[in-house]
Amino acid sequence: MKSNTEKFGKTPHQPSLWTRADALKVHADDPTTTQPLVSADFPVLSNEVFIWDTMPLRDLDGNITSVDGWSVIFTLTADRHPNDPQYIDENGNYDITRDWNDRHGRAKMYYWFSRTGKDWELGGRVMAEGVSPTAREWAGTPILLNEQGDVDLYYTAVTPGATIVKVRGRVVTTEHGVSMVGFEKVKPLFEADGKMYQTEAQNPFWGFRDPWPFRDPNDGKLYMLFEGNVAGERGSHKVGEAEIGDVPPGYEDVGNSRFQTACVGIAVARDEDGDDWEMLPPLLTAVGVNDQTERPHFVFQDGKYYLFTISHTFTYADGVTGPDGVYGFVADSLFGPYVPLNGSGLVLGNPSSQPFQTYSHCVMPNGLVTSFIDSVPTDESGTQIRIGGTEAPTVGIKIKGQQTFVVAEYDYGYIPPMLDVTLK
Ligand code: FRU
């Protein structure tokens with residue numbers, strides 16, 4: 001594979017590299033970057049549905065926004081099947097683990113509302129059956145556009161393929177609740193190009209998803225982050241000096257790490273409305289380090305760009321590892337260079353005693369971090385687990401220069417608004 005310079009040229013920017021040396025600094029169970037233990041007696045949002053990725057309604061500047069005093073979140077959602085013979089095991093019991101693990105194939109976008117920023121009430125599906133062009137409605141971002149309540153929902157239409165799409169609708173409130181109207185016409189925006197971003201033809205395990213549109217606080221233009229892999233046939237990537245970084249003697253062997261090729265992608269809108277997009281080279285690559293940098297998002301603070309992305313233990317390359325959780329990078333300008341927060345990138349990981357307790361963290365500009373509960377052990381050995389499919393306790397972090405610190409824990413699914421919009 002060509003180096004970043006050969007591949008992307010000199011303009012408009014060089015991707016920053018998350019190196020193997022950076023990742024060697026990742027330490028699980030550092031209390032300043034570890035999520036407090038989630039107790040196995042957590043409440044569930046719903047006995048009818050599982051929820052996972054949570055997408056708070058926000059504006060293009062990143063502010064979490066309520067409307068007429070109602071907080072709104074969107075979630076990836078799938079029915080629970082406690083009575084479906086397909087999920088009953090040989091002892092006649094509901095195999096919730098299998099049901100949960102199958103959820104990605106039937107993910108749909110739902111919305112919830114609340115007066116308190118927690119205790120969410122189910123609103124329903126955002127799009128009627130048949131509106132979205134593919135089987136799976138995967139993660140993205142709902143954007144409140146104006147005081148009329150217009151909402152652009154950017155998301156990923158998956159299987160067949162993976163296309164970044166958007167659908168426009170409107171949020172309507174009453175004294176009693178919130179509804180979503182419209183959301184009837186899905187517009188495809190773009191898919192991986194095979195030159196900067198890996199395609200399915202190049203790698204059946206490719207990732208291309210999770211749009212996060214935003215207005216750059218400095219140039220005022222509309223951009224979008226997304227998850228990708230660096231283009232090229234699977235196995236063709238080179239893990240060279242740049243990708244390895246400054247490692248101690250004995251750490252030069254990269255094993256099979258050429259198969260891990262995650263990147264954080266960026267696109268710029270050619271128009272005001274965000275209907276016409278041009279993909280740019282990735283902001284950050286993790287070739288030889290990790291295969292997934294999911295749900296990338298920004299916090300703009302102190303004149304800096306704090307770039308966050310979620311990743312897993314199982315997607316790390318040979319010779320490097322870290323907990324499931326959220327990782328972060330900081331730069332003085334949008335196109336970098338980005339340096340890993342806390343030296344390693346790790347911002348909030350699961351404790352090693354409960355490695356799957358939470359995932360899909362979203363760092364909000366007020367320092368609150370929301371995530372969902374995946375599974376929590378119910379015995380000492382960790383062989384018995386309780387499946388979540390519900391909101392995790394919110395964690396508070398403090399972001400200071402190139403460091404972050406866990407400083408607080410809040411209630412389950414606590415996502416308070418940063419501003420309220422009175423609809424006209
Ligand atoms: C993160 C994620 C997203 C994807 C969705 C699929 O938890 O993997 O990247 O959109 O879940 O269910």
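Note that ligands are numbered from 1 as they come in the structure, with each ligand's atoms numbered from 1 the same way.
Comparing His312, His361, Arg209 by heavy-atom distance to atom 4 (C) of ligand 1, the nearest is Arg209. With distances taken over non-hydrogen atoms, the option nearest atom 3 (C) of ligand 1 out of Thr156, Asp374, Thr309, Asp53 is Asp53.
Atoms of ligand 1 lying under 4.0 Å from at least one heavy atom of Ala139, given by number and element, are 10 (O). Near Glu227, the atoms of ligand 1 lying under 4.0 angstrom from a non-hydrogen atom of the residue are 9 (O). The His104 neighbourhood of ligand 1 comprises atoms 6 (C), 12 (O), with distances under 4.0 Å to a heavy atom of that residue.
Minimum interatomic distance between Gly388 and Val44 (heavy atoms only, all atoms of both residues): O-CG1, 4.3 Å.
When heavy-atom distances to ligand 1 are checked against a 4.0 Å cut-off, Leu76 comes that close only through its side chain, counted from C-beta outward.
When only interatomic distances are considered, the shortest N/O to N/O separation between Glu294 and ligand 1 falls below 3.5 Å.
Of the possible donor and acceptor atoms, none in the side chain of Thr309 sits under 3.5 Å from a partner among the backbone N and O of Leu307. Asn146 places a side-chain N or O within 3.5 Å of a backbone atom of Gln148 that can act as its donor or acceptor partner.
With salt bridges taken as basic N to acidic carboxylate O contacts below 4.0 Å, one links Asp99 and Arg106.
Between Tyr327 and Trp18, the ring centre distance stays below 6.0 Å.
Between Tyr154 and Met224, the closest side-chain pair of non-hydrogen atoms falls below 4.5 Å. In this structure, the side chains of Glu243 and Val289 stay at 4.5 Å or more apart for every pair of heavy atoms.
Looking at atom 9 (O) of ligand 1, its nearest protein heavy atom turns out to be Asp210 OD2, 2.6 Å.
Under the 4.0 angstrom criterion for non-hydrogen atoms, Ser360 is in contact with ligand 1.
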